[in-house]
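All remarks here apply to the structure that follows.
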4 protein chains.
Amino acid sequence: MSGSTFGELFRVTNFGESHGPAIGCVIDGCPPGLALSEADIQPELDRRRPGTSRHVTQRNEPDAVEILSGVFEGYTTGTPICLLIKNTDQRSKDYGNILDTFRPGHADYSYYRKYGLRDPRGGGRSSARLTAPMVGAGAVARKWLKEKFGTEFRGCMTQLGEIEIPFEGWQHVGDNPFFAANSSKIAELEAYMDALRKSGDSVGARIRVEATGVPVGLGEPLFDKVDADIAYALMGINAVKGVEIGAGFGVVAQRGSEHGDELTPFGFASNNAGGMLGGISTGQDIVASIAIKPTSSIRNPKASINRAGEPAVVETFGRHDPCVGIRATPIAEAMLALVLMDHVLRHRAQCGDVALPLAPIPGARPAAGADGSAE
Amino acid sequence: MSGSTFGELFRVTNFGESHGPAIGCVIDGCPPGLALSEADIQPELDRRRPGTSRHVTQRNEPDAVEILSGVFEGYTTGTPICLLIKNTDQRSKDYGNILDTFRPGHADYSYYRKYGLRDPRGGGRSSARLTAPMVGAGAVARKWLKEKFGTEFRGCMTQLGEIEIPFEGWQHVGDNPFFAANSSKIAELEAYMDALRKSGDSVGARIRVEATGVPVGLGEPLFDKVDADIAYALMGINAVKGVEIGAGFGVVAQRGSEHGDELTPFGFASNNAGGMLGGISTGQDIVASIAIKPTSSIRNPKASINRAGEPAVVETFGRHDPCVGIRATPIAEAMLALVLMDHVLRHRAQCGDVALPLAPIPGARPAAGADGSAE
Amino acid sequence: MSGSTFGELFRVTNFGESHGPAIGCVIDGCPPGLALSEADIQPELDRRRPGTSRHVTQRNEPDAVEILSGVFEGYTTGTPICLLIKNTDQRSKDYGNILDTFRPGHADYSYYRKYGLRDPRGGGRSSARLTAPMVGAGAVARKWLKEKFGTEFRGCMTQLGEIEIPFEGWQHVGDNPFFAANSSKIAELEAYMDALRKSGDSVGARIRVEATGVPVGLGEPLFDKVDADIAYALMGINAVKGVEIGAGFGVVAQRGSEHGDELTPFGFASNNAGGMLGGISTGQDIVASIAIKPTSSIRNPKASINRAGEPAVVETFGRHDPCVGIRATPIAEAMLALVLMDHVLRHRAQCGDVALPLAPIPGARPAAGADGSAE
Amino acid sequence: MSGSTFGELFRVTNFGESHGPAIGCVIDGCPPGLALSEADIQPELDRRRPGTSRHVTQRNEPDAVEILSGVFEGYTTGTPICLLIKNTDQRSKDYGNILDTFRPGHADYSYYRKYGLRDPRGGGRSSARLTAPMVGAGAVARKWLKEKFGTEFRGCMTQLGEIEIPFEGWQHVGDNPFFAANSSKIAELEAYMDALRKSGDSVGARIRVEATGVPVGLGEPLFDKVDADIAYALMGINAVKGVEIGAGFGVVAQRGSEHGDELTPFGFASNNAGGMLGGISTGQDIVASIAIKPTSSIRNPKASINRAGEPAVVETFGRHDPCVGIRATPIAEAMLALVLMDHVLRHRAQCGDVALPLAPIPGARPAAGADGSAE
């Protein structure tokens, strides 16, 4: 995991800028023999892409994915899979007015200080558009994990600004533009966003993601615990400022007698842990939550400086999401899938087999020389 | 960063078990020429070590560090520095009663399922004792960062169970066993812990850590953002279930007009961002908070299963911290230091120089061919 | 360095198959501010591309490179540079006859056994065509190293089959299709190759590559010595079976009194070492040689087996290089450049500055606290 | 693989200096459940250790290995295994006379230029003594590979200075101090070394190593080919200047019709390839050769410079091997074992199962969705 590459064994190398000719990624380390075509990937990209409702950026990008390599006659070959997504609606002129100033809360300041260069085209590399290739790579991981272990991923928005969104059922998530697991609050959310957009401001959100059917034993102590890698993956999504696993910040005021999930012969009796103990998956559902900050590109004027270090006032026009959290659910699902995919491969490297969540607990210590592998 | 190694360029490989002969780490990639002896490291270990107050485990470990390699005539040579800490008070018999059952909330279940083996000696590798070598490695990073850039690290407990601990001043942190930046609440905290200990239960805590004097430009998009690596480092500490950067989960209900920190010619006007934008450090203080769950090893009986998968009741005796959060502050500081140390080296690899936080913002784009390096 | 990614800090991730729609690579970690366009890269690709003489494969590929990302207004931005090379002359039908049998000496057997799949299209991923993106990435490294340090790379063929090619001068290398540093032997080489081609056979070659103007101090003990990484880089080129540094296998019969290069105040008196001591560059020219095996795809029939494990006879038609060594010189130069580029970045991460080869040897040990960095 | 860490998944981190208190390594990623004690490791260390004949350095080191972690009740736990070897006979005064000058052919010059520091104690980190921990780690890899797949490693000296050593049989290797697979030449070798030692000079050697019973399918294109990783591993051994796989430099003058090993239903008919095709193991024996240069520390005076850059004459006394190649055989075997161990884990991560060398070639393409894994 370094720079633009995510993962140790299922390695996704991301490239491109929001306003260059194309974005994409190279997936190295994918197991061979997985049936794969663009049709397996496009639906996930469609969930994330802009322009699908009035509450998100009106940039019009089909986000059509092409597989350039690594698939032969419909199956992965085990060699690198290059996914390419061409940019079609990059209007760089929209950003002309911000060329010399730094948007408060935006990465254009820190990129400039790091690299000594300014790419004002829609944030360039720092744009949330670069999550699209990760959603594509995540679709590959999801397909393999589902076919092998039945692992599935899902997510929903649980709060938009001040409005908490009670969980009603997963079936609602696809029926509204917010990925809310709720049907009764949608009108309120629509009105809230309409008012916000008119005000020229932006707002934060809270997203919950889960994995079900998770193999037992994923994660490597001391540092590549599954929860540490999930925190890394989710905190790395644009605008995320907080990550929780299981009971999250609620644990501060819990007692040990309350927090520790009791075990029964039929599974765990609760899930404060959020799916792992000591950073290693237990087979319970993995549950994580993230806090997403309000978009920094807003119409409302804010004090800033220009490249000469002089005071300036910044108002950002152009096409921006008033709440980047709205499109974040499929991204968070994809990143969670990439973490688990990588850990499944890492686990079977060292330990051979991958235990299924409901497999009975073995009753005896292994015989001499056994390493738990499949042979 | 993989398994037991932390960092890409300042790489710390941790080894040992809580009840084996020794624990330690190997630091590879340390810059040469740093004046270093055990006396630079021991004070940080002393802040973390057990047995220093009645509120932590009574295990008696001097945690005396030895430097086995990588230092010659008082200076680092640039080759691996091995830090060794011998275990002196490992009473394995204390754990005899938990050999066959799994403690609710404890890693012994997941380790067993992953590795097919059971090491019941004090948690073995999953013990918080393994944070000691990281505190040692962190002391090396802190010394170098302070000498080079004036970067410093500090932390405090901000909540113990239900009790919030108001910030009064950093000068109080060393005066109480809780690392509280407070003098007026200490008696209440002492009484709270005494009652808790008697009840045989445990409790969570919330810790805040900061870095000051941080160079500008640290962090690598897209994945090795400084905040993503901080989340990875802190979530990987034993018992942590949540990580926040800057305003953290508070951003959910913020507006963009409120959240984005305004820039002035003299610096930022606020710090909602917590020290980075787009995952790259801005020179502001880096601020993070973590949630620590209550210890899972408690005296109170809980339902569980044994290795045969049959129901069992678990009560844990032995020497455990009733609140692992109490000793977590120096650990979190060390992990934050290790993240920044690694990123300073990574930054100067690619970009050459490291900008200081208060350096004036350059007013012009670099000339052709310039890459910002030091030459 | 893993799988399809080369380098630790200047990381080149290669993708594509010889007969897919495109091949290419993503370069991550390039320093920002390097002036770069396709015109800087294309000439190196043209040196390697097929179809340039009757002695190499007649496949007609322009190997036109496109930069998809990482360059803005003519300068590298520090973010990933994607190089794309479209395949234009993939005649898969040429390979129809080898679908079910394994060519002796060819990777199609081992790929099939590893991945369980057979991609018969021109070797797919194992084709030497995949060296083209590395030559492209090497051109980026070469440009940066030349601008920063004056480092340059050159190579020549020193033997073709039984014919040794005496070194006459570097100026001859570009004047013949063999990259021979010789003008008097070319007619003999031409005749040799013409006869070989008619015979339906293939032959090996020996190539020498050098770097001049190499910074001092590159290389990391114990494992990432510069010579170890050069061996890795060069042995990884298709068909290479041997690598030598400096005096190479000649050292076996040398005495220490003869081998050790004496030092004078004005530099080394000889270069048996080939440019490094203890795996760390000394500033002398780096010199390496490689042995390249004869192409395995030959017209002459050979005994083999088919996928059912039954005996078969294989004759390979299609368009193949009768001596893959002929096009290997620019590939070897590129790989050597990628190794040094990576090590320059690694060196300045840990040690700060990069010493130039002719810099005077410092006369005194650094003061306390100094780490040799540029500040 | 970086700096002092070898391997991607079976990661060996080496630490220590020849004249510090101890040397050792940390093995991370070892499969759990391997029966392991010091008695499995010590015999390999004894093959390499100094002082065992009059032809090697008279430094007296028992090289007694201690396992500090990662083994519980006689079995590996899957957590890091720390091997510690204390230095007992470090006479630093022997090196006093070389403190200010650089030995021609020795790393003390390049280390000084890289790190800005001089550790004159027996070469410090650049000493061949640091191969001892690798031999220890190799013993762990060898044991696992032998138990799982029957893979075995062996090596012999094939040339000492000008004297070629004909292969008579592996049974002779343990009967002479040279690891010669020969009994009739030993007297000549003894006399040769005695004369050399008296002359104050040193000499090179050539070593051959092999692996038998190698699983099929090991190696990752494009860069982590097994042969590339073997070249990296062997070239990284102290004093190695050349590496060959299979027919090695002999391929230059071979024809394709001669070189390509024919396949039969019962295996390969020859082994010019040296055990791999396209960098992926075929199940044939892996065969490699290395050239080892003469020791640079010799008594004979040579011209050099001192730290001030002034001319100086160097004569090295102290205890040195007149031919470092004599003790290199077990080192090369260990490095080869570490490469294969790592690749077995990498292979099963991506592809699931590991094919055995004599397994019948599958006759049909896998069904849809199959990835060849063990489930």
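The figures here come from the full heavy-atom set of this structure, side chains too, leaving out hydrogens, waters and symmetry mates. Proteins come first, then strands; the chains are lettered A, B, ... in the order of their sequence lines, and each starts at number 1. Computed from a prediction, not measured in an experiment: that's the story for all the values here.
Contact of D:K293 with chain C is made through backbone and side chain together, with heavy-atom distances under 4.5 Å. At a 4.5 Å heavy-atom cutoff, the contact between C:I292 and chain D is made by backbone atoms alone. Using a 4.5 Å cut-off between heavy atoms, D:D261 touches chain C through its backbone atoms (N, CA, C, O) alone. Using a 4.5 Å cut-off between heavy atoms, C:S281 touches chain D through its backbone atoms (N, CA, C, O) alone. Heavy-atom distances place the backbone of C:T295, and not its side chain, under 4.5 Å from chain D. C:V12 touches chain D through its backbone: at least one of N, CA, C or O sits under 4.5 Å from a heavy atom, while the side chain does not. Contacts of C:I290 with chain D are made by backbone atoms alone, with heavy-atom separations under 4.5 Å and no side-chain atom involved. Contacts between C:D227 and chain D at a heavy-atom distance below 4.5 Å involve backbone atoms as well as side-chain atoms. Heavy atoms of C:M157 lying under 4.5 Å from chain D are absent altogether. At a 4.5 Å heavy-atom cutoff, D:V324 makes no contact with chain C through either its backbone or its side chain. Using a 4.5 Å cut-off between heavy atoms, C:I237 touches chain D through its backbone atoms (N, CA, C, O) alone. At a 4.5 Å heavy-atom cutoff, the contact between C:A205 and chain D is made by backbone atoms alone.
Applying the salt bridge (Lys or Arg N to Asp or Glu O under 4.0 Å) test to pairs two or more places apart or on separate chains, those with a residue in residues 231-251 of chain C are C:R206-C:E244.
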Let me have the donor-acceptor pairs involving side chains of residues 216-223 of chain C, under 3.5 Å, with sequence neighbours excluded, atom names and distances please.
residue: C:E220; atom: OE2; partner: C:R346; partner atom: NE; Å: 3.0

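Chain C forms the most heavy-atom pairs under 4.5 Å with one residue out of D:L196, D:I245, D:V203, D:L130, and that residue is D:I245. Contact count against chain D (heavy-atom pairs under 4.5 Å) is highest for C:A291 among C:A291, C:A107, C:G278. Counting heavy-atom pairs closer than 4.5 Å to chain C, the top residue among D:M276, D:E262, D:H259 is D:E262. Comparing C:S110, C:G105, C:P301, C:G242 by how many heavy-atom pairs each has under 4.5 Å with chain D, the most go to C:S110. Chain D forms more heavy-atom pairs under 4.5 Å with one residue of C:Q159, C:E310, C:M134, C:R255 than with any other, namely C:R255. Of the listed residues D:L234, D:N14, D:N300, the one with more heavy-atom pairs under 4.5 angstrom with chain C than any other is D:N14. Across C:A231, C:S202, C:G274, the residue that shares the most heavy-atom pairs under 4.5 angstrom with chain D is C:S202. The most heavy-atom pairs under 4.5 Å with chain C, out of D:A288, D:G200, D:P311, D:G260, come from D:G260.
For the residue pair C:P294 and D:Q254, the shortest heavy atom distance occurs at CG-O, 3.6 Å. Residue D:Y109 comes nearest to C:L263 through the heavy atom pair CD1-CD2, 3.7 Å, listed as atom of the first residue, atom of the second, then distance. For the pair D:P265 and C:G309, the tightest heavy-atom approach, listed with the atom from each and the gap, is CB-O, 3.4 Å. Minimum heavy-atom separation, C:M235 to D:V243: CE-O, 3.8 Å. D:A253 and C:E162 get closest at one heavy-atom pair: O-OE2, 4.2 Å.
The OH atom of C:Y115 sits 5.0 Å away from atom CD of D:Q350, with the distance rounded to the nearest 0.5 Å. Of the inter-residue distances, the one linking C:S296 atom OG with D:L277 atom CG reads 8.0 Å to the nearest 0.5 angstrom. Going from atom SG of D:C351 over to atom NZ of C:K114 covers 5.0 Å, rounded to the nearest 0.5 Å.
A salt bridge is absent between C:E258 and D:K302: the closest approach of a Lys/Arg side-chain nitrogen to an acidic carboxylate oxygen does not fall below 4.0 angstrom.
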Could you please spell out the steps behind the side-chain contact (heavy atoms from CB on, under 4.5 Å) verdict for D:V252 and C:E164?
CA-CA 10 Å; D:V252 173; C:E164 290 191 27; over 6 Å; no
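In this structure a side-chain-to-backbone donor-acceptor pair under 3.5 Å is missing from D:S257 to C:D201.
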